[in-house]
Novice: 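Handing you a structure now.
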Amino acid sequence: MSIHDLRSYIEAIREAGEIHEIRREVDPVRELGAVLSACERAGKGAFFHAVKGHEVPVVGSLLSSPRRIALALGCPVEDIGARMAAATEQPIPYQPHAGAAPSQEVVIDHPDLGRWPIPTHSPLDAGAFITAGVVIARDPETGRHNLSYNRMQIFGADRTGISMNIWRHIKVFFDKIEPKGQNLPFCVAIGPDPVLMMAAAFRYDGDEYDIAGSLRGAPVPVVRALTCDVMVPAHAEIILEGEVLAGERQMEGPMAEFTGHYSGADPKHVARITRITHRKNPIFQTMNGGGYEHVSVGNMITREPLLARFVRHITPRLKAVHLPPYAAGFTAIISLNNPEPGEARNVALAAMAAHVNFKTIIVVNSDVDIFDPADVMWAIGTRVRWHEDVIPIPGTHGNELDPSSDAHGVVAKVIIDATLPPERLARFVKVVYPPVDLEQYLKPAP
Ligand SMILES: Cc1cc2nc3c(=O)[nH]c(=O)nc-3n(C[C@H](O)[C@H](O)[C@H](O)COP(=O)(O)O)c2cc1C
Ligand SMILES: [Mn+2]
């Protein structure tokens, strides 16, 4: 079965036993988010069939595991990195959809966001937020499309906040026209083909539909939005059309963030939603702001290829890299095949340079499974000489959402060299038992 939209993707992960079907009614206010988090931590997606006060079902935690990311791409888990690396190198431009677009089957002229099951996810979130919508805007000068995530707090029937950090492309677009008193038209695709969710996490200077096309291996079919000159995916479940309003700001937040801590409340840009279109029997998609899905999509899959590139630049002995979702994308773990003396630290320095967020760099020998947190903790706990293998680097630029950073986002970074030199690796051999099929041993004796 070929995946081209949310529904075909849900079918694929259902078949693979990767989604929990939640039939008991859940409250979208602080209950759905808690159940979503439990599903995510159990390694599953979640389909909420009955959301209190709403007819529209909600899905979440879809891309929170490498298995489900691989299913979305139609490749083995081991190939995710290569597919992500290729995405920006082999662009495939979008194509107009032939015929009527499913995402515009139903048109709502007077939007009321209160009629949609938009969750208040986390206990201290300030209200309901659209978190998993792919925001689509065009550069007012070049016309290229940018895809991004910009959380939108619901302020009223047709009013939302829109969070645009200063270095985001959509903020750059808006800054070009806001001084002239002009609004920025934009659309939000909720429940698109999952490759659009991945494309939205990339930083790329071309038309970002190219990336989604490349990941899918086929052009993204698009149609023109009804109220503005923005192309929208023909197969999304729901499309919001609207504009970022010039000169308006409103207090927004707090909301659970990818660091696992809450953001503060700040004045944010404001948007007006002018039209909603959707498929018949639409499905609403969401994401917990403080969950693994946020980190997996935003910080792991797009940055592991970058990390690998920086490391490979200085060594042919790379086995694997990982930015585990449980560490907010701040911790890079790298395994090396028989590193030369001193090489682990050169690798760590290269890794640290690959992205401003990379803060803790852990380097291990190839006998450590870097995808198993217990194995990594075992290596750190048994192989590190704390007085010489831990190298802190104070006063470096990091991420301002990191609770350890100062007001300017300055943090201390650290190298943890948990590799053993060859002589100690030869003397201290890791205990490894041969694998067994335990089920065979639990059967009654014949
Ligand atoms: C789930 C998720 C939520 C995000 N929320 C926001 C947000 O609210 N505001 C923001 O400025 N960036 C947010 N980001 C980051 C950007 O959307 C993302 O990095 C994107 O690549 C930005 O693209 P650009 O830098 O090319 O504009 C989020 C990322 C993810 C994965
Ligand atoms: Mn961009």
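Please read all numbers here as calculations on a predicted model, not as lab measurements.
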Novice: Between P339 and V347, is there a side-chain heavy-atom distance shorter than 4.5 Å?
Specialist: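 No, every pair of side-chain atoms sits at 4.5 Å or beyond.
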Novice: Under 30°, 30 to 60°, or over 60°: which ring-plane class applies to F371 and H322, parallel, tilted or perpendicular?
Specialist: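 Ring orientation, 0 to 90° scale: tilted.
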Novice: Give, for atom CG of D417 and atom CZ of R345, the distance between the pair rounded to the nearest 0.5 Å.
Specialist: 4.5 Å
Novice: What pair of heavy atoms forms the shortest contact from K413 to M352, and how long is it?
Specialist: CB-CE, 3.7 Å
Novice: Any side-chain to backbone donor/acceptor pair from R144 onto G206? Under 3.5 Å, distance only.
Specialist: yes
Novice: Less than 4.5 Å apart, side chain to side chain, heavy atoms only: is that true for T286 and L32?
Specialist: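 T286 vs L32: side chains touch.
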Novice: For the residue pair I3 and A12, what are the closest heavy atoms and their distance?
Specialist: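 Heavy atoms of I3 and A12 come nearest at CD1-CB, 3.8 Å.
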Novice: Can you find a heavy atom in the side chain of E237 that is under 4.5 Å from one in the side chain of R7?
Specialist: yes
Novice: Indicate yes or no for a side-chain donor-acceptor contact from E208 to the backbone of A200 under 3.5 Å, with no hydrogens or angles considered.
Specialist: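 No, E208 side chain to A200 backbone: no donor-acceptor pair under 3.5 Å.
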Novice: Is the count of non-hydrogen atoms from other residues, nucleotides or ligands lying under 6.0 Å from N281 atom CG greater than 12?
Specialist: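 Atom CG in N281 is not crowded, with 12 or fewer foreign heavy atoms closer than 6.0 Å.
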Novice: Mind checking whether E343 and V363 have side chains closer than 4.5 Å, heavy atoms only?
Specialist: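 No - every pair of side-chain heavy atoms lies 4.5 Å or more apart.
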Novice: Assess whether atom NE2 of H49 is packed by more than 12 heavy atoms of other residues, nucleotides or ligands within 6.0 Å.
Specialist: yes
Novice: Which distance, rounded to the nearest 0.5 Å, do you find between the OG1 of T302 and the CG of L307?
Specialist: 11.5 Å
Novice: When rounded to the nearest 0.5 angstrom, what is the spacing between CE in M152 and NE2 in H269?
Specialist: 13.5 Å
Novice: Once rounded to the nearest 0.5 Å, what's the spacing between atom CZ of R385 and atom CZ of R424?
Specialist: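 Rounded to the nearest 0.5 Å, the CZ-CZ separation comes out at 3.5 Å.
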Novice: Tell me if a side-chain donor or acceptor on S214 pairs with a main-chain N or O of Q90 at a distance below 3.5 Å.
Specialist: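 Side chain of S214 to backbone of Q90: a pair is present.
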Novice: I'd like to know if the side chain of Y209 and the backbone of M231 have a donor-acceptor N/O pair within less than 3.5 Å.
Specialist: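 It does hold such a pair.
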Novice: Taking D375 for its side chain and V368 for its backbone only, find out whether a donor-acceptor pair lies under 3.5 Å.
Specialist: no
Novice: For the aromatic rings, using the six-membered ring if either is Trp, is the centroid distance between Y94 and H145 under 6.0 Å?
Specialist: yes
Novice: Please list, chain by chain and in numerical order, all residues satisfying side-chain hydrogen bond (donor to acceptor under 3.5 Å, both in side chains) with R427, sequence neighbours excluded.
Specialist: none
Novice: For residues S366 and K319, report the shortest heavy-atom separation together with the two atoms involved.
Specialist: O-NZ, 3.1 Å
Novice: Is it true that a side-chain atom of Q95 and a backbone atom of P219 form a donor plus acceptor pair closer than 3.5 Å?
Specialist: no
Novice: Could you tell me whether the side chain of K430 and the main chain of D367 form a donor-acceptor pair under 3.5 Å?
Specialist: yes
Novice: Is there a side chain to side chain contact (heavy atoms under 4.5 Å, CB included) between M198 and I69 once you walk through the steps?
Specialist: CA-CA 9 Å; M198 300 179 203; I69 289 168; 4.0 Å; yes
Novice: Using a cut-off of 6.0 Å, state whether more than 12 heavy atoms not belonging to E439 lie near its atom CD.
Specialist: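 12 or below, so no.
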Novice: Under a plain distance cut-off of 3.5 Å, with no hydrogens placed, do S296 and S64 share a side-chain donor-acceptor pair?
Specialist: no
Novice: Of the non-hydrogen atoms in I273 and L240, which two are nearest, and what is the gap between them?
Specialist: CG2-CB, 4.2 Å
Novice: So how far is it from T120 OG1 to Q153 CD, rounded to the nearest 0.5 Å?
Specialist: 8.5 Å
Novice: Within 45° of the six-membered ring axis of F47 and under 6.0 Å from that ring's centre, is NZ or CZ of R14 located there?
Specialist: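 The answer is yes, since R14 meets both limits relative to F47.
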Novice: Could you please spell out the steps behind the side chain to side chain contact (heavy atoms under 4.5 Å, CB included) verdict for N288 and T131?
Specialist: CA-CA 7 Å; N288 266 352; T131 52; over 6 Å; no
Novice: Under the side-chain contact (heavy atoms from CB on, under 4.5 Å) test, which residues partner D205, sequence neighbours left out?
Specialist: H169
Novice: Are C228 and C187 packed together at the side-chain level, in the sense that at least one heavy-atom pair is separated by less than 4.5 angstrom?
Specialist: yes
Novice: Would you say D5's side chain and D193's backbone share a donor-acceptor pair under 3.5 angstrom?
Specialist: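 Looks like no, no N/O pair under 3.5 Å.
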Novice: With R68, which of E40, E15, E18 fulfils salt bridge (charged side-chain N to carboxylate O under 4.0 Å, His left out)?
Specialist: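 It is E18, the one option of E40, E15, E18 that forms the salt bridge (charged side-chain N to carboxylate O under 4.0 Å, His left out) with R68.
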Novice: Are I415 and L349 side-chain neighbours, meaning at least one heavy-atom pair lies under 4.5 Å?
Specialist: yes
Novice: With a 3.5 Å distance limit and no angle check, can you tell me whether R83 reaches the backbone of L73 through a side-chain donor-acceptor pair?
Specialist: yes
Novice: On a heavy-atom basis, which atom in L323 and which in G329 lie closest, and how many Å separate them?
Specialist: CD2-O, 4.4 Å
Novice: Can you list the steps and then say if L62 with L6 is a side chain to side chain contact (heavy atoms under 4.5 Å, CB included)?
Specialist: CA-CA 10 Å; L62 297 189; L6 179 71; 3.6 Å; yes
Novice: Search all heavy atoms of P194 against all heavy atoms of L63 and return the closest pair with its distance.
Specialist: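 P194 and L63 have their closest heavy atoms at O-CD1, 4.1 Å.
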Novice: What orientation do H235 and H4 show, parallel under 30°, tilted 30 to 60°, or perpendicular over 60°?
Specialist: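 Perpendicular, since the angle between the ring planes exceeds 60°.
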Novice: Is there a side-chain contact between V35 and F48, using heavy atoms and a 4.5 Å cut-off?
Specialist: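 In contact.
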Novice: Apply side-chain hydrogen bond (donor to acceptor under 3.5 Å, both in side chains) to R151 and list each qualifying residue two or more places apart in sequence or on a separate chain.
Specialist: E252, E257, S263
Novice: Counting distance only, does the side-chain N/O of H294 pair as donor-acceptor with the main-chain N or O of G289 below 3.5 Å?
Specialist: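 Side chain of H294 to backbone of G289: a pair is present.
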Novice: About how many Å separate CG of D406 and OG of S404, when rounded to the nearest 0.5 Å?
Specialist: 9.0 Å
Novice: Quick one, V364 and I370 - any side-chain contact, counting heavy atoms below 4.5 Å?
Specialist: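 They are in side-chain contact.
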Novice: Does F284 form a side chain to side chain contact (heavy atoms under 4.5 Å, CB included) with I190? I'd like the steps, not just the answer.
Specialist: CA-CA 7 Å; F284 188 87; I190 298 169; 3.8 Å; yes
Novice: Apply salt bridge (Lys or Arg N to Asp or Glu O under 4.0 Å) to residues K176 and D139 and explain how you reach the verdict.
Specialist: CA-CA 9 Å; K176 291 181 184 180; D139 186 326; 3.0 Å; yes
